[in-house]
Amino acid sequence: MKINIFSKFLNYLYMYLLIFLFGVICKANEKTIIMGTSADFPPFEYLQKSEIVGIDVEIAKEIAREQNSELKIKDMSFNSVLTEVINGSVDMGISGITKTEERAKKVDFSDNYFTASQKAMVKNNSDIKSVKDIKDKKIGVQLGTTGDYYCTDKKLGNMVRYDKYTDAVSALSNEIIDVLVLDGFTADQIAKKNKDFYVIPENITEESYCIAVQKGRKDLLESINKVISEMKQNGKLNQIVESYMSSSTSDSSGEFDSKFTSKEYFEYISKGLIVTLKITFFATIIGIALGVLAASLRIISNSNKKLKILGVLVNFYTTVIRGTPVIVQLFIIYYIALSGISKNPIIAAVVTLGINSGAYVCEHIRAGIQSISKGQFEAGKSLSLSEKTLMSKIIIPQAIKNTLPSLAGEAISLLKETAVVGFIGVMDLSLAGKKITSVTFDPVFPLFTVASIYLVLVVSLTFILNKIERKIKNASN
Amino acid sequence: MLVIKNLSKSFKLNNGQKKEILKNINCEIKKGEKVVIVGPSGSGKSTLIRCVNLLTTPSSGEIIFNNENINSGNIRKARQKIGMVFQQFNLFSNLTVLENITLAPVDSKLLSKSEAEKVAMDLLKKVGLESVKDLYPKNLSGGQQQRVAIVRSLAMNPDLMLFDEPTSALDPEMVKEVLNVMENLAQSGMTMIIVTHEMKFARKIGSRILFINEGKILEDATPDEFFENPKNERVKEFLSKIL
């Protein structure tokens, strides 16, 4: 028996050993090439649905094909990329690495595959013809770009920093700024589409992106350079760059042409309008429901000492909501409170504006109740009315009637307040107008269109609410 | 029917001082009596009458109504039997005349809705206002409003009626119509406590006059005694000024 078990064990061991060896041999046959990168630098490398993609990844794929190897991507912090190239844990560092003398002492660099530049863009009729002329002009830059640092360092002109380059382009179009310093590639794309603009060809700043390999790996470096020059020659590199740039660096120039058709225009505005109306409608309902609920809780807590905590909670709610900006509330609800439940920004917008409006409705009702004469309460008490009857038949109906004008005002201000939802990317009426502006670079027409629509909405809403109010007023005393 | 024992009321003023409105009031009112409370402004007349149904909570003392102490007992039950008419009428502005009158008896389950409406119409007829039953208070004159207010209290079938300066807010030509209603009520045997400045009326229907000054009852006498032969110097001074 013992021998039997032992031989069985040996059999198994033998089998496993064979499988293991086979695996190792297979592995050895399949060559791999490891790319080290820091996947947080779109459009060169970034995560898309847990997969690392980007211009650098496309180049790396070509290199792997050339090497007849399988590409493995190792994601790490940017600081580690060069270290791992130096110690050989990755074969090549491709991470939008700018070639500098300092770095070239530690690793070998390939030929450059991309030149990141900042260029100056002006209007066609501008008297600025070269970079030298931009001194003392009003210069727009995109916040935190090398162009920003360059102009700040050189203490050039009068600077305006924009969060989004599209806003800066609108400003240039409207001659709020004289010149715009922005990413050269983007500038060329815009000028190609919009003949109003001219890009001064010289680069204001320039950075060469190259691939880093361990010092002394000549074969690898040669084959990389070969791939790069081939890709440059057959236009593949340009094609890759163009497709990634237009999908990620620009907000929307990939979505439309600068010649915006009136149909697209109408579609954008009407979609935005519907979103604005939807948000206003649902937020108003939530607001009134919450406001009435909060006001009732406050009344209940006032009449019952055991439930005093409810009144404290209601006060906390109205104080916090009315004491903080709605946009901050929107950010908190979207990015923190609802982030685990729903990523839908429209839901966050409705919830935020509903909660916000509820606090104001609650206060309006409180003011409405306070405006009711003490005699109404005393008459009710002297007639031995129950608290419930007194509130529901006498006080609340009168309070609502007193509150109607301010509730109507609340609905109207809510309609206008919905414009903040653009900050979390909801394409409402305001953002639609802004988007069109960012494509056509003409801020006048879209913004006035949007303003007029708001105005028409507010005026008609006021009209309707006034009618309802008068009807309710006439119906009773 | 009503006993007021050692009743005091004081308010705390904003400067922290205590202001005494009523000082140790004692008085007893029997069924069917019509007690008229008079006195200078600020003497505590209104506070006293408001303490009877606890619209104002006394600082100390007892109110005993129908042999029950209402400070500690069921105030809602007591209020069903104590009607009150205010200077400012205080009709419910969002309800019609009829709804104003029927709300309380139906809410207290004293009457069904149809019974309450019948009672209301009978009472309105008595005060000559059956035609305004579907109007809202704002469409009535002050005198009409006050008569409706009286009817509203009567619909509860009270044992005691309190009147807190019922004609002070009225235009002079409307005073009479309200006083007439009150007079008829008095003749029907209702127990009434009335705070008023209408001296002729007080003399005519009062069974007792209480004179209050600085929170104290200075005189408690029949109308004839009070007006012909007041004992208290302060009362003499008061009467000499107003008569």
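Each chain gets a letter, A, B and so on, in the order its sequence line appears, and its residues count up from 1. These numbers come from the heavy atoms of this one structure, side chains and all, not from hydrogens, waters or symmetry mates.
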For A:Lys393, is it the side chain, the backbone, both, or neither that has a heavy atom closer than 4.5 Å to a heavy atom of chain B?
-> both
About how many Å separate NZ of A:Lys374 and CG of B:Leu55, when rounded to the nearest 0.5 Å?
-> 9.0 Å
With respect to chain B, which residue among A:Gly380, A:Ser386, A:Ser373, A:Pro397 yields the maximal number of heavy-atom pairs within a distance under 4.5 Å?
-> A:Ser386
Side chain to side chain contact (heavy atoms under 4.5 Å, CB included), paired with A:Leu383, selected from B:Met156, B:Arg76, B:Gln80 = B:Met156
May I ask you to check whether over 12 heavy atoms, not counting those of A:Phe423, lie within 6.0 Å of atom CZ?
-> no
Measuring heavy-atom distances to chain A, does B:Ile75 have an atom under 4.5 Å in its side chain, in its backbone, in both, or in neither?
-> neither
Taking the side chain as every heavy atom from C-beta outward, state whether B:Arg50 and A:Glu378 have any atom pair closer than 4.5 Å.
-> yes
To the nearest 0.5 Å, atom CG of B:Asn94 lies from atom CD of A:Gln376 at 7.0 Å
Evaluation steps, side-chain contact (heavy atoms from CB on, under 4.5 Å), between A:Leu385 and B:Phe92 = CA-CA 12 Å; A:Leu385 291 183; B:Phe92 301 128; 3.8 Å; yes
Is a side-chain donor or acceptor of B:Asp107 paired with a backbone partner of A:Thr389 at a separation under 3.5 angstrom?
-> no
When only pairs under 4.5 Å are counted, which of B:Gln88, B:Arg79, B:Met84, B:Gln87 shares the most heavy-atom pairs with chain A?
-> B:Arg79
Is any side-chain heavy atom of A:Ser384 closer than 4.5 Å to a side-chain heavy atom of B:Lys81?
-> no
Could you give me the CA-CA distance, side-chain angles and deciding distance for B:Asn53 and A:Ser382, then say whether side-chain hydrogen bond (donor to acceptor under 3.5 Å, both in side chains) is met?
-> CA-CA 7 Å; B:Asn53 68 352; A:Ser382 77; 5.0 Å; no
Identify which part of B:Ile82 has an atom lying under 4.5 Å from any heavy atom of chain A, answering side chain, backbone, both or neither.
-> backbone
Close side-chain approach of B:Leu103 and A:Ile394, heavy atoms under 4.5 Å | yes
